[in-house]
Number of protein chains: 4
Amino acid sequence: MIYIDYKNRSPIYEQVIAEFENLIVKGVLQPDEKLPSVRSLAMELSINPNTIQRAYHELERNGYIYTVKGKGNFVAAKENFIQTKHEELWNSLRGLIKDAKGAGISKEEIRQRIELFLREDGSND
Amino acid sequence: MIYIDYKNRSPIYEQVIAEFENLIVKGVLQPDEKLPSVRSLAMELSINPNTIQRAYHELERNGYIYTVKGKGNFVAAKENFIQTKHEELWNSLRGLIKDAKGAGISKEEIRQRIELFLREDGSND
Amino acid sequence: MIYIDYKNRSPIYEQVIAEFENLIVKGVLQPDEKLPSVRSLAMELSINPNTIQRAYHELERNGYIYTVKGKGNFVAAKENFIQTKHEELWNSLRGLIKDAKGAGISKEEIRQRIELFLREDGSND
Amino acid sequence: MIYIDYKNRSPIYEQVIAEFENLIVKGVLQPDEKLPSVRSLAMELSINPNTIQRAYHELERNGYIYTVKGKGNFVAAKENFIQTKHEELWNSLRGLIKDAKGAGISKEEIRQRIELFLREDGSND
DNA sequence: GTGGTCTAGACCACC
DNA sequence: GTGGTCTAGACCACG
């Protein structure tokens, strides 16, 4: 279901969070769909249950999932996270553009690259 | 010369690196210009000299500066780092655009935001 | 009759208890009135009968209802719970006021907020 | 420095959080003052370091403290938490008032009790 | 020495 | 069986 890179320097729990955020934001996991149980996922990934627990807890705190004790973890309603996610993206983008300008890249070159990236693989709109 | 935020979560040596990268890429520090000595900078920032040493070492590894034993650290020639820096930026930008598309944001909205950010504060081109 | 929020963090049996306490204290359910049977309520709410059983047991322990074996569960006489309920409220209120004072909020501001809250929606007195 | 009730059903880490929130909000711990290290506090309270770690992490997330890796945890600036704390208090107070009205207590009785509580022990204003 | 992460294994509340 | 909490002990990054 999700992929973890054990060699990666970033903490495992953050990778788990990122993977699920991704699946949820993209709609692969639909609202109210059940996530793997803490224990089963831990087993599957050969990871300690505590680590999964922590990841799920963070996901809940950020509005991506909700927890029902004794039942499991489920994908939250779209409204709970979509706006936050977009704002995060805009902030990152803004910082990057600022850096690019700081590095002496011209506006026109930025525009051209953006168009390039926009045309790659997928296509919404 | 550079500013360190001790309350920031990111390690001090990374902040030192980022500050110098910035000054060098922007041209505030010109090629072959001398950087402050490890000890003097450590003193000025009330930081352990080891921390500065590590930052300078990383900067050298990434082609931003070169070291002359017994003399000090100096800004490298532009060719050594400018391309790498730009590639890093393009890669980040590409990833971000991909994420935005994954999150269901339309190309047109991305273009509009980009224009907005391009117009903020500074203006090259 | 009562509403359960399955996504809520607090356990279902506590929600059941709270809902019935509320109905009883407000007088919607009058003394000696019969509560729904464990099984019928469990069915209606799609909940495990054990959970309802536990809630009823707690309600009985706190003097809100009484149980007649073979007959069902009934709302207790007002004297059995009204005073306890009020005392609980006063204790909570007292703690909260103390906290507010501890947080440096002035008495006058507390009074003003109280008046505000008292005027909201319903109106006894 | 802080007191933990091991018999209490509420989790230890929440008690630790509550105790420090209290000390910070009341100003017993001043901004930029150092908190006990994770290990030393764990030792002192005969608690596992992980539990303290978790409490500190939550306190940081809620703006009460900030963490400097390799240095320790420190009380944050007042602006970071005072408003949040007050809002929490007003929300609780509002709920309680609503409950009291629901339980059939008259506005006048509520006012009288409030005055009583306001006059107890401490006195700001 | 300090916080950050992780493992292995345990017990509890809830359903 | 499920999540929630806790312990004991380990290793790493940072200063």
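Computed from heavy atoms alone, side chains included, the values below leave out hydrogens, waters and symmetry copies. Protein chains get the first letters and strands the later ones, always in sequence-line order, with residue 1 at the start of each.
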Does D:Tyr13 put a side-chain nitrogen or oxygen below 4.0 Å from OP1 or OP2 of F:dT5?
yes

Considering only heavy side-chain atoms of D:Arg39, the closest of E:dG4, F:dG15, F:dT7 is E:dG4

With distance as the sole criterion, do the side chain of A:Asn50 and the base of F:dG3 form a donor-acceptor contact below 3.5 Å?
no

Counting heavy atoms from C-beta on, name the nucleotide in F:dG15, F:dT7, E:dT7 closest to the side chain of B:Ile12.
F:dG15

State whether D:Gln53 places a side-chain N or O below 4.0 Å from either non-bridging phosphate oxygen (OP1 or OP2) of E:dG4.
yes

Can you tell me if the side-chain N/O atoms of B:Arg54 get under 4.0 Å from OP1 or OP2 in F:dC14?
yes

For a quick test of reading the model: is some side-chain N or O of A:Asn73 closer than 4.0 Å to OP1 or OP2 of F:dG3?
yes

Does a sphere of radius 6.0 Å around CD in A:Gln83 hold more than 12 heavy atoms from other residues, nucleotides or ligands, not counting ones at 6.0 Å or beyond?
no

Look up atom CG in D:Leu29 and atom CG in D:Leu35, then write down how far apart they are to the nearest 0.5 Å.
6.0 Å

Can you say whether the rings of D:Tyr64 and D:Phe81 are parallel (under 30°), tilted (30 to 60°) or perpendicular (over 60°)?
parallel

Under 4.0 Å between a side-chain N or O of D:Thr51 and OP1 or OP2 of F:dT5?
no

On DNA chain F, nearest-nucleotide positions of A:Pro36 versus D:Val68: which is more 5'?
A:Pro36

Judged by each residue's nearest nucleotide on DNA chain F, which is more toward the 5′ side, B:Asn48 or D:Tyr6?
D:Tyr6

Once you measure the plane-to-plane angle for D:Tyr66 and D:Phe74, does it fall in the parallel (<30°), tilted (30-60°) or perpendicular (>60°) bin?
parallel

F:dG3 - base-pair partner by Watson-Crick or wobble geometry, distances under 3.5 Å
E:dC12

